[in-house]
There are 2 protein chains.
Amino acid sequence: MRIGQLARRSGVSVRALRYYEEQRLLESARTSGGQRDYPDEALERVQLIQDLFAAGLSSRTVVELLPCVSTGVATPAMLDQLITERDRITVRIQDLTRAKAKLGRVIENVTAANVAQD
Amino acid sequence: MRIGQLARRSGVSVRALRYYEEQRLLESARTSGGQRDYPDEALERVQLIQDLFAAGLSSRTVVELLPCVSTGVATPAMLDQLITERDRITVRIQDLTRAKAKLGRVIENVTAANVAQD
DNA sequence: CCTGAACCTGACGTCGACGTGAGGTGTGAG
DNA sequence: CTCACACCTCACGTCGACGTCAGGTTCAGG
């Protein structure tokens, strides 16, 4: 599969895929002409990378954790890192939940005021 | 209250407070010498700003919503905006929850493998 | 009056995940 | 062979929330 097709299938830009390779998050074979040629598994890989980015991990962290995420084998340091990141996400979810509640109260307030005005 | 004290109390940097003023998120009176002088309510205001930033809102969005968040009065457009932002947070929480579950599974996998090795 | 800490206004630097443009090459249909 | 389109490699630009440095001013205690 060439880069354009992988981009369309995964929903990320061509530029992003090249960036992933530059950051050693994603490998590619090359055709005789020097063009990237991806195996089908690359699609899952890209989606995994996107998930980890969406979770707020940096590319540096992702490149460290990708091996054990795909192989299931980890050093103690990697396990620590995994747990640290999960905890970070937990805290982030708590923050967002509080913020959401706060916005919810504002919305209720405003709605009540508007209804009262009608 | 001067800027240093507000910074210490709120936990944000002096630079951040000046930035908030530059973005019209926070006002200050000035002493005869030109130094910023904050009322006590500024503390809550700063914490509110931080909460909204933590929720992923941009300063542009915050400056638009701050009036109705503090006064409880909103135009229909502001109400729309509020609801849009709350929905964004909801989606974000879902994403993070999925990512957390994924990391959790990886951690289980790795832990199981390590225990099996012992 | 003096001094050191705290404050002031510019204005440039940072970081990460790409966007974008330049200038050139590979690929496949007709 | 040609043509269009997809692809290639630099390499600079972007955006947001500040960090940081320079060069000067204000404030409070002694």
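Lettering of chains follows the sequences in order, A, B, ..., and the numbering in each one begins at 1. Owing to the predicted nature of the structure, the values given are computational and were not obtained by experimental measurement.
- Between Glu22(B) atom CD and dG10(C) atom C1' the separation is 10 Å, expressed in whole Å.
- Side-chain proximity of Phe53(A) to the nucleotides dA17(C), dC27(D), dC7(C) is greatest for dA17(C).
- Counting non-hydrogen atoms of neighbouring residues, nucleotides and ligands closer than 6.0 angstrom, the CD atom of Gln47(B) exceeds 12 such neighbours.
- Rounded to an integer number of Å, the gap from Gln23(A) CD to dC18(C) P is 10 Å.
- When distances are taken from the side chain of Ser58(B) to each of dA17(D), dC27(D), dC18(D), the shortest belongs to dA17(D).
- Arg30(A) comes within contact range of the sugar-phosphate backbone alone, with a heavy-atom separation under 4.0 Å but no base atom that close.
- Put simply, Val73(A) and Leu103(B) are part of two different groups of oily side chains (I, L, V, M, F, W, Y) that touch within less than 4.5 Å, one to the next.
- Between dG16(C) and Arg60(A), no contact under 4.0 Å exists linking OP1 or OP2 to a side-chain N or O.
- Among dT27(C), dT9(C), dC18(C), the nucleotide with an atom closest to any side-chain atom of Gln50(A) is dC18(C).
- OP1 or OP2 of dG26(C) has not a single side-chain nitrogen or oxygen of Ser32(A) nearer than 4.0 Å.
- Comparing Arg8(A) and Tyr19(B) along DNA chain D, the residue whose closest nucleotide (by nearest heavy atom) sits nearer the 5' end is Arg8(A).
- For Asp37(B) and dC27(D), the CG to P distance is 11 Å, given to the nearest whole Å.
- Applying the side chain to side chain contact (heavy atoms under 4.5 Å, CB included) test between Leu26(B) and each of Leu66(B), Leu48(B), Val63(B), Leu17(B) identifies Leu17(B) as the sole match.
- Residue Arg18(B) is in base contact, counting any heavy-atom pair closer than 4.0 Å across all strands shown.
- In this structure, the side chains of Arg30(A) and Arg36(A) come closer than 4.5 Å at one or more pairs of heavy atoms.
- In the model, Gln50(A) has no side-chain atom that pairs as donor or acceptor with a side-chain atom of Ser10(A) under 3.5 Å.
- Mapping Val14(B) and Gly34(B) onto DNA chain D by nearest heavy atom places Val14(B) at the nucleotide closer to the 5' end.
- For Arg15(B) and dA17(D), the shortest distance from a side-chain N or O to OP1 or OP2 is not below 4.0 Å.
- Comparing Gly33(B) and Gly33(A) along DNA chain C, the residue whose closest nucleotide (by nearest heavy atom) sits nearer the 5' end is Gly33(B).
- Distance Gln35(A) CD to dG26(C) C1': 5 Å, rounded to the nearest Å.
- Residue Leu26(A) contributes atom CG, which lies 15 Å from atom C1' of dA17(C) at whole-angstrom precision.
- For dA17(C), one of the phosphate oxygens OP1 or OP2 lies less than 4.0 angstrom from a side-chain nitrogen or oxygen of Ser59(A).
- Going from atom OH of Tyr20(B) over to atom P of dG16(D) covers 15 Å, rounded to whole Å.
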